[in-house]
Amino acid sequence: MFKDLFRSKPKYVTVRPQKQTDHLEHSEKKEIPGGLWIKCDKCSNILYKKDLEKSLYVCPKCGFHFVISAKERITLLVDEGCFSEFDSEMKTIDPLSFPDYLEKLQKYQEETGMKDAIITGLGKIKGQEVVLAAIDYNFMRGSMNTVVGEKIVRAFELAREKHLPVTIVSGGGGGARMQEGVFSLMQMARTCQAAELHSKKNLLFIAVLTQATMGGVYASFASMADIILAEPGALIGFAGPRIIQQTMKQNLPEGFQTAEYVYKHGHIDRIVPRPFLKDTLANLIAWHRR
Amino acid sequence: MFKDLFRSKPKYVTVRPQKQTDHLEHSEKKEIPGGLWIKCDKCSNILYKKDLEKSLYVCPKCGFHFVISAKERITLLVDEGCFSEFDSEMKTIDPLSFPDYLEKLQKYQEETGMKDAIITGLGKIKGQEVVLAAIDYNFMRGSMNTVVGEKIVRAFELAREKHLPVTIVSGGGGGARMQEGVFSLMQMARTCQAAELHSKKNLLFIAVLTQATMGGVYASFASMADIILAEPGALIGFAGPRIIQQTMKQNLPEGFQTAEYVYKHGHIDRIVPRPFLKDTLANLIAWHRR
Amino acid sequence: MANTLVLDFERPIVELEKRIEELKSFAKERNLDLSEEIDNLQNRSERLKREIYSNLTSWQRIELVRHPQRPTAEELIELIFDDFYELHGDRLYGDDPALIGGIALLNGEPVTVIAPQKGRDTKENLERNFGLPHPEGYRKAIRLMKQAEKFNRPVITLVDVVGAYPGIEAEERGQGPAIAEAITVMGALRVPTIAVITGEGGSGGALALAMGNRVLMLENAYYSVISPESASIILYKNDDFAKEAAEKLKIGSQDLLEMKIIDEIIPEPLGGAHKDRVSMGRFIKEALERNMNILKGLPQEKLVSARYERFRAFGKVKEDKL
Amino acid sequence: MANTLVLDFERPIVELEKRIEELKSFAKERNLDLSEEIDNLQNRSERLKREIYSNLTSWQRIELVRHPQRPTAEELIELIFDDFYELHGDRLYGDDPALIGGIALLNGEPVTVIAPQKGRDTKENLERNFGLPHPEGYRKAIRLMKQAEKFNRPVITLVDVVGAYPGIEAEERGQGPAIAEAITVMGALRVPTIAVITGEGGSGGALALAMGNRVLMLENAYYSVISPESASIILYKNDDFAKEAAEKLKIGSQDLLEMKIIDEIIPEPLGGAHKDRVSMGRFIKEALERNMNILKGLPQEKLVSARYERFRAFGKVKEDKL
Ligand SMILES: [Zn+2]
Ligand SMILES: [Zn+2]
């Protein structure tokens with residue numbers, strides 16, 4: 001039922017948090033195995049799944065933020081029933097005819113119920129209209145391809161037309177998607193330009209960097225936001241930590257490329273634990289209303 | 001005769017380089033003692049004064065750049081006879097009635113033949129009109145007071161009105177001048193604003209940082225230039241090296257706050273030895289002509 | 001006044017208050033009625049306070065603004081604004097704890113607030129580098145000023161900074177250029193700007209945040225091109241004459257108001273801001289609201305040109321011909 | 001070809017040329033007239049060269065652009081422009097030797113030129129960090145781009161960069177944000193921008209300098225979201241399949257022209273740019289002048305909107321309803 005709602009044509013729909021688990025069992029297998037009990041990736045405590053749900057998938061023992069899907073993210077942020085999705089049927093044309101790519105996509109589409117790695121739409125956060133986008137780490141590691149790029153560009157364009165703020169939750173571990181080659185690279189250009197046109201109208205853009213925001217996602221729209229928030233512990237950077245370690249042949253500093261580390265180096269405004277995210281966004285949006 | 005020319009009302013005057021020594025004996029005593037021979041501050045070689053004059057007061061043995069006066073600087077940069085000074089009679093009102101200040105000023109005025117630490121005017125560099133200012137290190141260490149500030153502001157204003165580039169040679173070792181207190185501080189504000197208004201008209205400003213450019217001079221107009229050149233070895237910084245050493249109780253790195261050091265740290269476009277300065281300015285101005 | 005540092009010139013007050021307390025104890029112990037004498041002494045004490053605190057020398061005021069209990073920027077922000085959401089980082093190199101900034105609500109209206117932040121004790125002061133910003137602090141300020149301009153939000157700065165930080169890295173990363181840029185950017189903002197010198201207004205570090213359409217100043221604060229100690233060293237080769245230098249440099253609020261360097265003095269509670277924080281916050285808030293109401297009525301162009309004119313005026317010179 | 005690295009696929013040419021030389025020596029030694037045979041062989045050699053160099057695989061082209069004698073940015077600038085005055089520093093942190101920029105004259109007209117700079121030998125490469133910019137390199141580029149815009153000067157970039165630098169400090173100082181800002185700034189410039197991919201066009205590091213109104217590309221250059229080696233690792237868990245990946249990713253100039261990612265291919269001398277530097281410079285100069293003449297006729301607004309449209313077009317998707 002959750003999925004049906006999301007697939008419906010743009011209109012305000014009810015997204016019920018209590019139905020989330022249906023979806024979780026599909027997409028979050030690695031992070032949150034099925035069954036009643038879940039082991040925390042960080043502290044290894046065994047957690048009761050219902051408790052974890054209530055705590056918004058933040059480990060009650062150690063504060064570890066489990067990866068959540070784009071749908072869950074939107075459910076978490078928008079007022080109940082206040083989200084209408086854009087472009088839900090948009091799919092890639094596979095511009096390079098890259099071998100095995102379409103098969104791979106199909107597998108992810110079936111697993112996640114999404115056509116590609118992003119959901120965009122118009123939502124309300126505490127009564128305030130906002131154009132909202134969430135990248136889904138579980139869909140090919142949230143990598144940016146033509147669909148992700150085009151949906152972000154259109155989201156900014158709509159926001160510009162309607163004079164609305166934009167919030168993007170960017171969990172894109174894979175950066176640019178290899179299988180669409182240079183077209184994925186071009187999405188860095190396009191999303192930067194879209195963010196810039198929006199910005200030139202003096203409209204607000206808030207980026208929420210979640211596990212993980214790397215490569216082409218970080219090096220484009222995500223770091224051009226007016227205000228950059230991040231979830232605790234999220235991996236954030238351009239080059240991947242393993243590549244750096246291999247190339248430099250030296251150990252990485254403690255906590256390298258975590259949200260906390262990047263914050264200390266001046267690239268993030270605030271680290272916001274998940275339970276405070278909606279209120280924070282609501283306040284920031286309210287303070288930028290004209 | 002040299003002095004008379006400079007004191008005349010704004011008009012194009014001939015400034016003859018060969019007459020420089022008259023003035024040097026007055027103002028450059030510490031750097032270049034009278035007599036036929038001069039000892040280089042850096043390499044301690046004994047130099048024949050006539051040779052040093054020919055080499056533009058750059059030590060032929062080690063390249064050390066001797067401090068030269070504002071008049072000599074202008075003579076060195078403008079086409080022969082092509083300089084008309086502005087505001088040559090401008091003097092401070094001693095806004096704080098600071099004890100012993102006027103007496104001190106009088107001593108410097110007599111020594112240098114200048115009313116205060118700066119010369120501004122309209123000159124031609126290889127046939128191109130430019131508003132030119134040179135701070136004189138020998139006049140109270142080139143410190144910025146109301147006169148220096150006001151003359152710089154007026155220079156920028158004239159340049160803005162006439163759509164001309166501005167070049168300032170900033171040898172201001174003393175930063176803001178203590179004896180005019182907060183009014184000296186305000187000159188940082190005023191010169192920054194003047195430079196900004198000039199800049200907003202898309203007009204060119206080139207700063208030439210010479211021995212020494214410190215404190216309030218460096219932390220205002222001098223670092224707001226489109227292109228920042230520096231003479232080799234010039235001391236450039238905000239806080240003085242002795243204060244830093246005393247406060248930090250640690251040795252300063254080799255070459256700390258030299259032009260070369262500051263260049264390496266990204267704050268200077270080029271280091272230009274004195275003999276190349278006129279050509280460099282001429283080219284840069286030509287390339288920015290419209 | 002428990003746990004509060006007593007300054008030299010405050011000793012007579014403290015002594016007298018101690019006597020009164022002793023007399024009260026004595027009266028109670030012996031069951032004597034000394035209420036008239038005690039009342040007299042208390043009146044005397046009030047008069048003494050007013051007398052002492054109303055006739056402070058420049059140096060005594062400096063001692064007051066350097067008082068360890070003087071409210072820091074964070075405390076003042078808490079007292080003045082309804083809400084404050086701190087934003088961090090210069091987006092270039094680091095987040096400087098010596099300078100804080102963010103969005104606050106002044107009477108429900110969003111404003112951007114920027115302020116150097118001293119520590120309240122040694123540990124905090126080490127974290128905050130004694131409220132002395134590095135270039136990344138000024139660059140955070142510049143970023144937040146531009147953000148404020150983008151969203152048409154006024155900028156309020158609270159300035160309490162000894163001066164530039166004499167550090168190797170601060171020089172390497174260009175504190176001179178960073179200060180120049182902050183002056184230039186704040187000086188050209190198309191939104192109302194109000195600077196409040198709340199304590200020490202030290203040279204370029206203070207000016208970087210003081211390009212206000214209005215520059216207000218707390219009664220005991222100072223604003224100077226150079227610290228009195230450094231001036232003394234230059235004039236007398238040692239810092240024994242800092243008190244004299246403080247007078248000569250005319251760095252107190254009354255002198256600066258007369259010279260029109262500042263626009264308004266915000267009174268402090270008797271004995272200094274730390275003696276009554278709540279009132280201090282109220283006084284500042286009142287002054288900010290009053291000035292903001294005037295500035296908010298001005299069009300952007302006028303805000304910019306008025307600010308230019310404000311500073312353009314500090315160039316009075318003599319131009320007699322010989 | 002003395003001292004020049006011979007690539008595998010060039011061996012037949014080199015062998016044949018060696019034979020010809022031997023035959024010439026032999027003829028001379030023995031005083032035989034073998035001129036006809038030698039002429040034939042030389043014709044054969046020419047045909048062979050054309051045949052080999054005209055049918056290079058993607059991988060062979062990559063080998064060519066990675067050739068140690070491939071002209072670097074400095075060499076190309078010297079060949080293309082009448083004059084070049086390098087400007088240094090990001091005005092924030094440092095001067096990055098891996099990226100050069102400054103004012104040059106293209107046919108007497110000032111332009112701003114920006115380019116990553118590889119070294120010509122190991123020593124230079126260590127100094128230049130193999131042409132891999134740090135954040136301060138991108139920020140120098142941003143500064144020079146804004147300077148160019150201020151003075152209405154076109155921007156020309158020469159792009160030869162393997163990709164992002166996988167270094168700790170580059171991450172700490174924000175190479176992600178620096179690249180994003182360079183993309184954004186160059187993408188919005190109100191002056192003509194032309195990017196020339198001259199060698200390796202590696203991912204975000206290349207795109208940061210490739211937001212041209214026109215994107216030109218040298219015949220053998222490549223432009224890719226990922227290096228073929230890395231793609232091979234992702235697809236096959238090791239880098240043995242880089243050649244296949246290079247084909248699949250369609251990163252060569254012909255493919256990119258067909259996909260309209262680039263606007264024009266600049267031909268290289270037979271055997272690659274390093275075989276005839278002077279001609280290479282001439283070809284690039286000719287292409288720059290021709291394109292610049294068109295762009296200089298456009299009003300600023302049009303330059304900006306045309307650039308937006310150029311990149312806006314790379315978002316073709318399917319939108320069938322289920
Ligand atoms: Zn846990
Ligand atoms: Zn010497």
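Just so it is clear: chains get the letters A, B, ... in the order the sequence lines come, proteins before strands, and each one is counted from 1. Excluded from the calculations below are hydrogen atoms, water molecules and symmetry mates; all remaining heavy atoms, backbone and side chain alike, are included.
- Atom CD of Glu254(A) has 12 or fewer heavy atoms from other residues, nucleotides or ligands within 6.0 Å.
- Looking only at heavy-atom pairs under 4.5 Å with chain D, the residue among Met90(A), Met186(A), Arg190(A) that has the most is Arg190(A).
- Annotation: Glu169(D), atom CD; neighbour count of heavy atoms from other residues, nucleotides and ligands within 6.0 Å does not exceed 12.
- Interface remark: of the candidates Phe311(D), Tyr308(D), Tyr223(D), Tyr308(D) forms the most heavy-atom pairs closer than 4.5 Å to chain A.
- Most heavy-atom pairs under 4.5 Å with chain D: of the set Gln193(A), Glu196(A), His267(A), His265(A), this distinction falls to Gln193(A).
- No more than 12 heavy atoms of other residues, nucleotides or ligands shown are found within 6.0 angstrom of NZ on Lys243(D).
- Between Val225(D) and Phe183(A) there is no side-chain heavy-atom pair separated by less than 4.5 Å.
- In this structure, Lys318(D) contributes its side chain and Lys91(A) its backbone to no donor-acceptor pair below 3.5 Å.
- The two residues Leu249(D) and Gly181(A) make their nearest non-hydrogen contact at CD2-CA, 4.3 Å.
- Contacts of Gln250(A) with chain D are made by side-chain atoms alone, with heavy-atom separations under 4.5 Å and no backbone atom involved.
- With a 6.0 Å radius and a threshold of 12 heavy atoms from other residues, nucleotides or ligands, Asn238(D) has its CG atom above the threshold.
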| task | Could you walk me through whether Ile183(D) and Met188(A) pass the side chain to side chain contact (heavy atoms under 4.5 Å, CB included) test, one step at a time? | result | CA-CA 8 Å; Ile183(D) 293 170; Met188(A) 292 171 66; 4.0 Å; yes
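- Contact annotation for Thr247(A): only side-chain heavy atoms (C-beta onward) come within less than 4.5 Å of a heavy atom of chain D.
- Contacts between Val153(A) and chain D at a heavy-atom distance below 4.5 Å involve the side chain alone, from C-beta outward.
- Checking each of Lys115(A), Lys151(A), Arg154(A) against Glu319(D) for a salt bridge (Lys or Arg N to Asp or Glu O under 4.0 Å) leaves exactly one that passes, namely Arg154(A).
- Shown here for Ala239(A) and Gln175(D), the closest heavy-atom pair between the two residues is CB-NE2, 4.3 Å.
- Both the backbone and the side chain of Met259(D) have a heavy atom closer than 4.5 Å to some heavy atom of chain A.
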| task | In sequence, state the C-alpha distance, the side-chain angles, and the governing distance for Val317(D) and Thr92(A), and then conclude on side chain to side chain contact (heavy atoms under 4.5 Å, CB included). | result | CA-CA 5 Å; Val317(D) 289; Thr92(A) 181; 5.9 Å; no
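- Inspection of the Tyr261(A) and Glu171(D) side chains reveals no N or O donor paired with an N or O acceptor under 3.5 Å.
- A distance of 14.0 Å separates CE of Met178(A) from OG of Ser203(D), quoted to the nearest 0.5 Å.
- In this structure, OG1 in Thr184(D) is found 3.5 Å from CE in Met224(A), a value given to the nearest 0.5 Å.
- Note: Tyr165(D) OH to Ile243(A) CD1 = 13.5 Å, rounded to the nearest 0.5 Å.
- In this structure, no portion of Glu180(A) lies under 4.5 Å from any heavy atom of chain D.
- Taking chain D as the reference chain and counting heavy-atom pairs below 4.5 Å, the highest number among Cys192(A), Ser199(A), Gly240(A) is found for Cys192(A).
- Minimum interatomic distance between Glu172(D) and Pro253(A) (heavy atoms only, all atoms of both residues): OE2-CG, 4.3 Å.
- Contact of Ile179(D) with chain A is made through backbone and side chain together, with heavy-atom distances under 4.5 Å.
- The two residues Phe238(A) and Ala164(D) come nearest to each other via the heavy atoms CE2-CB, 2.7 Å.
- Heavy atoms of Ile261(D) lying under 4.5 Å from chain A belong exclusively to its side chain.
- How far OG of Ser223(A) is from CD of Glu181(D): 9.0 Å, rounded to the nearest 0.5 Å.
- If you measure heavy-atom distances from Lys200(A) to chain D, the contacts under 4.5 Å come from the side chain alone.
- Judged by distance alone, the side chain of Gln187(A) and the main-chain N or O of Phe314(D) form a donor-acceptor pair under 3.5 Å.
- In this structure, the portion of Ile234(D) lying under 4.5 Å from any heavy atom of chain A is its side chain and not its backbone.
- Between Leu207(D) and Leu185(A) there is a side-chain heavy-atom pair separated by less than 4.5 Å.
- The candidate from Arg312(D), Lys248(D), Lys316(D) with the greatest count of non-hydrogen atom pairs under 4.5 Å with chain A is Arg312(D).
- With a threshold of 4.5 angstrom between heavy atoms, Ile226(D) approaches chain A through side-chain atoms but not through N, CA, C or O.
- No side-chain heavy atom of Val182(A) sits under 4.5 Å from any side-chain heavy atom of Ile251(D).
- Options Gly237(A), Pro99(A), Ser97(A) differ in how many heavy-atom pairs under 4.5 Å they form with chain D, and the most are formed by Pro99(A).
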